[in-house]
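See structure below.
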Amino acid sequence: MPELSLSVAGAQQSVAAGTTGTDLFGSDRAVVAVRVDGELRDLDVVLDGAQAVEPVTIDSPDGLSILRHSTAHVLAQAVQQVNPDAKLGIGPPITDGFYYDFDVETPFQPEDLKKLEKAMQRIVNTGQRFRRRVVTEEEARAELAGEPYKLELVGLKGSGAAEGAAEGASAEIGAGELTIYDNVARDREGNEVVAWKDLCRGPHLPTTKLIGNGFQLMRSAAAYWRGSEKNPQLQRVYGTAWPTKDELRAYTERLAEAERRDHRRLGTELDLFSFPDEIGSGLPVFHPKGAMIRMEMEDYSRRRHIASGYSFASSPHITKAKLFEVSGHLDWYADGMYPPMRVDEERDADGTLRRQGQDYYLKPMNCPMHNLIFDARGRSYRELPLRLFEFGTVYRYEKSGVVHGMTRARGFTQDDAHIYCTREQMRDELASLLTFVLDLLRDYGLNDFYLELSTRNPEKSVGDDATWAEATAVLEEVALASGLDLVPDPGGAAFYGPKISVQARDAIGRTWQLSTIQLDFNLPERFELEYTAADGSRQRPVMIHRALFGSIERFFAILLEHYAGAMPPWLAPVQVLAVPVAEPFNDYLEDVVAQLRAAGVRAELDDSDDRFNKKIRNATTQKVPFVLIAGGDDAEAGAVSFRFRDGSQRNGVPISEAVTIVRDAIADRVQV
RNA sequence: GCCGCGUUAGCUCAGUCGGUAGAGCGUUUGCCUUGUAAGCAAAAUGUCGUCGGUUCGAUUCCGACACGCGGCUCCA
């Protein structure tokens with residue numbers, strides 16, 4: 001029998017012709033697929049002609065994707081078992097799970113998901129094998145005659161457009177051959193029966209048994225076929241799948257933790273903000289405690305901006321249409337703006353126009369206003385870089401389906417700055433700006449970052465190629481110099497210029513896009529901004545847009561979730577809550593609170609009629625950083641006792657020392 | 001904007017197969033109060049999201065709208 005030599009898991013080895021991945025790794029149940037010369041393949045692939053083969057275990061990123069993809073197939077099989085008329089869309093793996101889209105008469109209800117889960121479990125338990133079969137386009141068309149969406153994918157593949165067909169479509173039709181996977185079960189006599197089949201690139205698990213009971217259907221939702229609202233809406237079922245039940249449990253616990261931290265929930269529980277229906281969707285009001293957090297966030301930011309050479313600006317919330325015609329916003333983003341208010345229009349009794357009205361718009365961005373400030377008088381190169389900063393409140397008419405708490409609001413306040421500089425200054429300015437941004441974010445308690453570079457979308461941009469290329473190159477250089485990971489985001493730029501965005505990971509590992517630094521060669525052009533250079537010539541400044549928090553509301557929400565409501569002392573609305581052991585110590589603590597307040601600490605006394613234990617509980621649920629307790633022992637010693645958030649304590653601390661401890665924790669912006 | 005689900009006291013939620021409603025927490029009041037997560041008792045509180053329709057009668061059934069939630073789409 002001919003032998004072949006290949007690298008098996010990194011070691012050169014000689015194996016018989018016809019050897020499969022199963023032969024090599026089948027004894028290890030954790031191995032669910034193989035990587036053959038870089039390509040993921042089914043475990044039972046015949047290795048003839050291969051150079052190198054690596055095992056893929058179920059707990060590796062590739063293995064998890066395969067697990068989730070196979071689970072998606074089982075879902076589709078279950079759906080067609082329950083409802084043979086369901087047409088299949090696509091069903092790729094996604095982060096932590098999978099989805100599958102179906103065209104069905106009636107959308108899935110929660111009870112349907114329960115039923116489908118049961119049906120899936122039965123399929124899993126039968127231990128079906130996934131068997132790969134290469135088909136020609138004609139064969140595929142014949143077999144999939146009843147699956148219009150799959151046929152469309154086959155057609156797309158024929159035209160070479162598969163990759164762009166839809167997010168996830170490549171999971172069904174890869175780059176290579178067209179393949180169908182048969183799900184093979186055994187009947188009572190032990191004969192093989194094809195229970196189900198699906199057009200699919202694979203690879204898949206060797207058997208559905210490996211799905212075990214580590215999967216769960218999460219929710220259903222509508223989704224447009226191939227992601228376009230011009231196409232029919234399919235019903236999407238989301239699920240999650242893990243190698244073991246324990247890992248599934250850990251995942252659902254993570255979700256529960258995220259829900260406990262949800263800023264909308266914490267906002268209510270901690271009395272920070274609300275969204276009154278009377279005001280309108282996406283328009284929050286801040287309650288005293290929330291407003292205090294916000295004020296601290298803003299004040300600290302202002303001080304840092306002053307220290308870094310920023311000038312401050314302030315501008316109105318509405319403006320005549322003309323300004324947004326000049327800026328181009330009405331051309332590009334009128335849909336995202338609140339409709340105009342028409343003022344000063346006069347008509348005769350018969351309705352004929354007597355006096356032309358004027359349209360005013362709520363501003364969706366601050367930059368046009370800042371440009372007018374720049375342009376209010378002649379500017380010299382000696383003034384550059386000119387850094388205009390404003391907490392500018394903007395209004396965007398987000399579609400009703402996307403408004404989401406404070407992370408996606410319709411009215412929000414940007415910590416917005418526009419920097420006008422010369423081309424020569426651009427590089428240094430961007431470099432110091434990125435440092436400034438990252439330092440400031442760290443002061444708010446975030447420290448795990450990566451960067452994203454968004455480059456031009458040719459279909460949605462203005463300006464010439466050379467300008468874009470230069471701007472992009474400078475941004476990339478600065479980003480790389482930061483030493484942080486840089487992820488490309490092709491086509492993700494705004495219409496007026498490329499950008500770097502800072503992505504931050506929070507305490508439970510989620511990433512948020514925070515600061516953006518955008519270059520803009522186009523607005524200075526539109527506003528005809530100029531400065532006088534050293535040689536007396538008129539030059540056009542470069543404009544840099546940057547927001548650090550993005551919006552205060554959104555950053556507030558992110559910090560709230562990051563800290564799970566337990567804000568560090570400097571941001572906490574109530575920094576100290578004084579709790580007497582019993583009523584006779586109210587006066588004693590009243591005096592302590594007065595001393596703390598004199599030292600600039602936000603301190604309160606709990607002199608309610610609640611019992612001591614209840615007061616401790618209230619302080620805990622309100623997540624107050626320092627609870628100061630005093631009873632007989634403390635009062636006699638002129639001391640107080642600390643109770644910290646973790647339940648630990650420090651008793652008998654002299655009052656003056658206690659004030660110092662609290663004041664220092666606030667000044668140092670530490671978490672406690 | 002699209003699809004689905006939801007909206008009952010300040011909050012979380014139960015309930016009414018059509019005859020106008022409950023719990024816990026919170027609030028108010030009274031009695032109480034000495035060491036680290038809920039003292040006891042009483043009371044008050046709802047146009048059952050809004051507007052229409054069906055009905056003798058609608059919080060309940062139907063429709064529209066508003067708001068919210070999960071996605072899609074979008075995200076300067």
Side-chain angles (χ1 to χ4, degrees), chain A residues 99 101 104 106-110 112 167 218-238 259 262 264-265 268-269 271 274-282 324 327-329 331-337 363-368 394 396-405 407-408 414 416 454 460-461 492-497 499 513 516 518 520 522-523 545 547 550 554 579-586 608-622 627-635 641-645 647-649 651:
Chain A
Y99 65 80
D101 289 343
V104 286
T106 43
F108 299 103
Q109 317 258 313
D112 297 330
E167 191 191 349
M218 307 301 285
R219 66 175 70 91
S220 60
Y224 296 105
W225 168 240
R226 293 177 59 201
S228 165
E229 51 192 311
K230 294 183 195 76
N231 290 334
Q233 259 189 346
L234 306 181
Q235 294 301 316
R236 174 170 298 180
V237 176
Y238 284 93
E259 195 178 321
D262 190 305
R264 294 165 299 183
R265 168 196 284 256
T268 304
E269 286 174 359
D271 193 15
S274 57
F275 292 87
D277 287 1
E278 293 84 343
I279 296 178
S281 187
F324 293 123
S327 70
H329 285 99
D331 291 338
W332 291 91
Y333 289 106
D335 285 352
M337 294 168 67
K363 66 173 171 182
M365 288 183 80
N366 300 301
C367 34
V394 297
R396 299 179 186 180
Y397 193 75
E398 302 286 1
K399 287 193 253 175
S400 63
V402 305
V403 171
H404 181 91
T407 57
R408 199 71 188 276
Q414 294 183 307
D416 209 1
S454 300
K460 213 179 165 186
S461 59
F495 73 93
Y496 51 76
K499 75 174 175 199
Q513 178 180 310
T516 56
Q518 300 196 235
D520 187 344
N522 296 302
L523 272 191
H545 304 244
R554 181 165 174 277
V579 177
V581 163
E583 197 178 345
F585 306 102
N586 281 2
S608 69
D609 285 341
D610 287 332
R611 288 298 210 287
F612 180 65
N613 277 357
K614 182 60 182 293
K615 290 184 181 186
I616 294 292
R617 178 181 156 83
N618 286 343
T620 308
T621 54
Q622 286 301 301
V627 178
L628 288 192
I629 294 161
D633 299 344
D634 299 288
S641 294
F642 277 86
R643 184 185 203 274
F644 300 100
R645 278 171 173 150
S648 67
Q649 23 176 335
N651 296 338

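Chain A is the first sequence line, chain B the second, and so forth, proteins listed ahead of strands; every chain is numbered from 1.
- Taking side-chain N and O atoms only, A/K614 has a distance below 4.0 Å to OP1 or OP2 of B/G26.
- The phosphate of B/G70 (OP1 or OP2) has a side-chain N or O of A/H404 nearer than 4.0 angstrom.
- Side-chain proximity of A/M365 to the nucleotides B/A76, B/G4, B/G1 is greatest for B/A76.
- Taking atom P in both B/C65 and B/A38, the straight-line distance is 49 Å, to the nearest Å.
- Using modelled atom types, one side-chain atom of A/R265 and one backbone atom of A/E259 make a donor-acceptor pair closer than 3.5 Å.
- Note on A/Q518: only backbone sugar-phosphate atoms sit closer than 4.0 angstrom, heavy atoms only; bases stay farther off.
- Across all strands shown, A/G550 has no heavy atoms under 4.0 Å from either base or sugar-phosphate atoms.
- Checked against B/A76, B/C74, B/A38, the side chain of A/N613 finds its nearest nucleotide in B/A38.
- The gap from the C1' atom of B/G30 to that of B/G68 amounts to 40 Å, rounded to the nearest Å.
- Using a 4.0 Å heavy-atom distance criterion, A/T620 is classed as a base contact.
- As judged by a 4.0 angstrom heavy-atom cut-off over every strand, A/D335 is placed among residues making no nucleic acid contact.
- For B/G68, the OP1/OP2 oxygens have a side-chain nitrogen or oxygen of A/S281 closer than 4.0 Å.
- Mapping A/F585 and A/G492 onto RNA chain B by nearest heavy atom places A/F585 at the nucleotide closer to the 5' end.
- B/A9 and B/C5 have their C1' atoms separated by 24 Å, with the value rounded to a whole Å.
- Using a 4.5 Å heavy-atom threshold, the side chains of A/Y224 and A/Q233 count as touching.
- Looking at the side chain of A/R408, the nearest of the listed nucleotides B/C75, B/A37, B/C72 is B/C75.
- Which of B/A37, B/G71, B/C75 sits closest to the side chain of A/Y238 comes down to B/G71.
- Side-chain nitrogen and oxygen atoms of A/R264 include at least one within less than 4.0 Å of the OP1 or OP2 phosphate oxygen of B/C69.
- The side chain of A/K399 lies closest to B/U73 when the candidates are B/U33, B/U73, B/U34.
- Residue A/F108 and nucleotide B/G4 are not classified as a stacked aromatic pair, given the requirement of ring centres less than 5.5 Å apart at an interplanar angle below 30°.
- Across all strands shown, B/A23 forms a Watson-Crick or G-U wobble pair, both distances under 3.5 Å, with B/U12.
- At a cut-off of 3.5 angstrom, counting only N and O atoms as typed in the model, there is a donor on one side and an acceptor on the other between the side-chain of A/R643 and the base of B/U36.
- If you take atom P in B/C2 and the same atom in B/U16, they sit 33 Å apart, rounded to whole Å.
- Annotation: side chain of A/D416 is not in contact with side chain of A/M365 (no heavy-atom distance under 4.5 Å).
- Of the candidate nucleotides B/A76, B/C11, B/C32, B/C11 has the atom nearest to the side chain of A/T268.
- No contact: A/S228 has no heavy atom under 4.0 Å from any strand.
- Out of B/U36, B/A76, B/U33, the shortest distance to the side chain of A/F612 is found at B/U36.
- Among the atoms of the strands shown, base atoms are found under 4.0 Å from some heavy atom of A/G336.
- Nearest to the side chain of A/V581, among B/A37, B/U34, B/A76, sits B/U34.
- As judged by a 4.0 angstrom heavy-atom cut-off over every strand, A/E269 is placed among residues making no nucleic acid contact.
- The side chain of A/R219 places no N or O atom within less than 4.0 Å of a non-bridging phosphate oxygen (OP1 or OP2) of B/C69.
- Rounded to a whole angstrom, the distance from the C1' atom of B/G18 to that of B/G39 is 44 Å.
- Each of A/S648 and A/S400 was matched to the nucleotide of RNA chain B holding its nearest heavy atom; the match closer to the 5' end belongs to A/S400.
- With both ends at atom C1', the span from B/G49 to B/A58 equals 15 Å, rounded to whole Å.
- Residue contacts for A/P107: at a heavy-atom cut-off of 4.0 Å it reaches the sugar-phosphate backbone alone, with no base atom in range.
- For the C1' atoms, the distance linking B/A41 with B/A37 amounts to 23 Å, nearest Å.
- Among the protein residues, A/A222 comes within range of the nucleic acid bases, having at least one heavy atom under 4.0 Å from a base atom.
- Of the listed nucleotides (B/U34, B/G1, B/A76), B/A76 has the atom at the smallest distance from the side chain of A/R396.
- If you check every strand for non-hydrogen atoms under 4.0 Å, A/D633 touches a base.
- Below 30°, between 30° and 60°, or above 60°: for A/H329 and A/Y333 the angle between ring planes is between 30° and 60°, a tilted geometry.
- Taking the side chain of A/Q233 as heavy atoms from C-beta on, and the options B/C75, B/A76, B/G71, the nearest nucleotide is B/G71.
- Among the heavy atoms of the strands, none lies under 4.0 Å from A/F275.
- Taking atom C1' in both B/G4 and B/U8, one finds a spacing of 22 Å when rounded to whole Å.
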